[in-house]
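Numbered from 1 within each chain, the chains take letters A, B, ... in sequence-line order.
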Amino acid sequence: MDLVEETPYRFRIDRHDPMRVPGVVFASRDLMPDLGTDKSLAQVANVAALPGIVAASYAMPDLHWGYGFPIGGVAATDVAADGVVSPGGVGFDISCGVRLLAADLDLAGLRPVLDPLMDGLDVAIPRGMGKGAVWQLTGRAQLDEVLRGGSRYAVEQGHGVERDLHRCEDYGAVSEADPGQVSGRAVERGQGQVGSLGSGNHFLEVQAVDQVYDERAATAFGLRTGQVCVMIHCGSRGMGHQICTDHVRVMETVMPRYGITVPDRQLACAPVSSPEGRGYLGAMAAAANYARANRQLLTESARRVFDRVTGCRLDLVYDISHNLAKIETHGVDGGRRELCVHRKGATRALPSGHPDLPDDLRAVGQPVLIPGSMGTPSYVLTGVPDAPAFASTCHGAGRTQSRKQATTSIRGQDLRRQLEAHNIAVRGASWRGLAEEKPEAYKDINAVVDAAEGAGLCRRVARLVPVGVVKG
DNA sequence: ATGTCC
């Protein structure tokens, strides 16, 4: 397999059997995974073999190895041409995503109360494996409301304000959720986790706007230099994980019936229009709403702590997923086609003028929220017109080391000391979990964003620096 | 990512 450099930030994997389309990797040479030792580029080629795939199998600059599909992958299939949907193209953490809140407070005003604020968040943000959650559901009926209503249901129940929904992707809820496609085991796992961070790379971070690159867009997003922000990164917990597991199993068994063969069994899939394809999309949408309600409830917890300690408000800038499949209409070969766009570790990035944007953002574009690794900057970007890859960009720094590998060279205690020496407060859940997230285990977020912008996928709006991190 | 293998 050869990588052909087309431009400084765009590489092509030429089509070879059984690929139906080429692979396209948006990255610099420095960010490119090693062809000899890393399997993620082979995964880009594998995805290109999916039935109905159009244009190319795309990879973002934060590309790394994942289950079947690479993380940082984008693949669109043509619904009318027997295109497939694959749970592996969304990932186990369905609708994992990022939410950014802006405080009416500057960093200088926060410093004197940072410790009590972090202590308050430490108590208010449930996190870690098998821990409790903000919301105690009354039973299956209420969980179904969460699965159908997402952030909208949380707001209806008093956890947030109507304005929040205007700053959420899909206005807070995906409409096609089908709780009937959610197994009893998924329900059982999801019941006690609504309003919890989870673990791994999930976090709630207090940040400050460090630099603004685009004043007009930043102002429209509600951001200014020196401003305190809160970023929340979490997903659908055991609910999404179980749904992915359940539907991969179903698709493995029905693929022969549809005459589908794939180069890797982890690419299990079914036609979008088949009962199994529709079934997965209904369950996926339910998990997506679960993830959004999750972020809405954690928002309310953070707001209560901010109000008590600082007296300040937190306004929602935006909430966007980076693990989702969506039915979208795009131009393909001069015509408009209905596509199933899989984004796995890739963020939708709508340009200005897009009809799906709320009125107050349409003139500037969608806020694209990109968390860095722990202790490093995060970015706010926006979409650009006529971008490749179906209006998608990167989702974060992207791992270069496995979790196990990361823990061999540093202890969590030492990492916390390092971060605090850089004036970053830390409230962890486990020492091991902290060590797994050391910044050296990730690519350089600045280089990833440079490559994403250089490739024409998005445009920088603002940079945020960490002030205090509540780690899952 | 994940009751890190029902």
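Look at A:Thr245 and you won't find any side-chain N or O under 4.0 angstrom from OP1 or OP2 of B:dT2.
The side chain to side chain contact (heavy atoms under 4.5 Å, CB included) search around A:Pro275 returns A:Tyr258, not counting sequence neighbours. Residues satisfying the side chain to side chain donor-acceptor pair (under 3.5 Å) test with A:Arg411, not counting sequence neighbours, are none. Qualifying side chain to side chain donor-acceptor pair (under 3.5 Å) partners for A:Thr407, counting only residues two or more places apart in sequence or in other chains: none.
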Could you go over nucleotides 3-6 of chain B and give all protein N or O partners under 3.5 Å, atom names and distances?
residue, atom, partner, partner atom, Å
B:dG3, OP1, A:Arg189, NH2, 2.1
B:dG3, OP2, A:Gln193, NE2, 3.0
B:dG3, N2, A:Arg189, NH1, 2.8
B:dG3, N2, A:Arg189, NH2, 3.4

Identify all side-chain donor-acceptor contacts of residues 58-66 of chain A below 3.5 Å with residues at least two apart in sequence or on another chain.
residue, atom, partner, partner atom, Å
A:Asp62, OD2, A:His395, N, 2.8
A:Asp62, OD2, A:His395, ND1, 2.5
A:Asp62, OD2, A:Gly396, N, 3.0

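Within 4.0 Å (heavy atoms only), A:Gly200 reaches sugar-phosphate atoms of the nucleic acid but no base atom.
Sorted by first and then second residue, the side-chain hydrogen bond (donor to acceptor under 3.5 Å, both in side chains) pairs involving residues 279-291 of chain A (not counting sequence neighbours) form an empty list.
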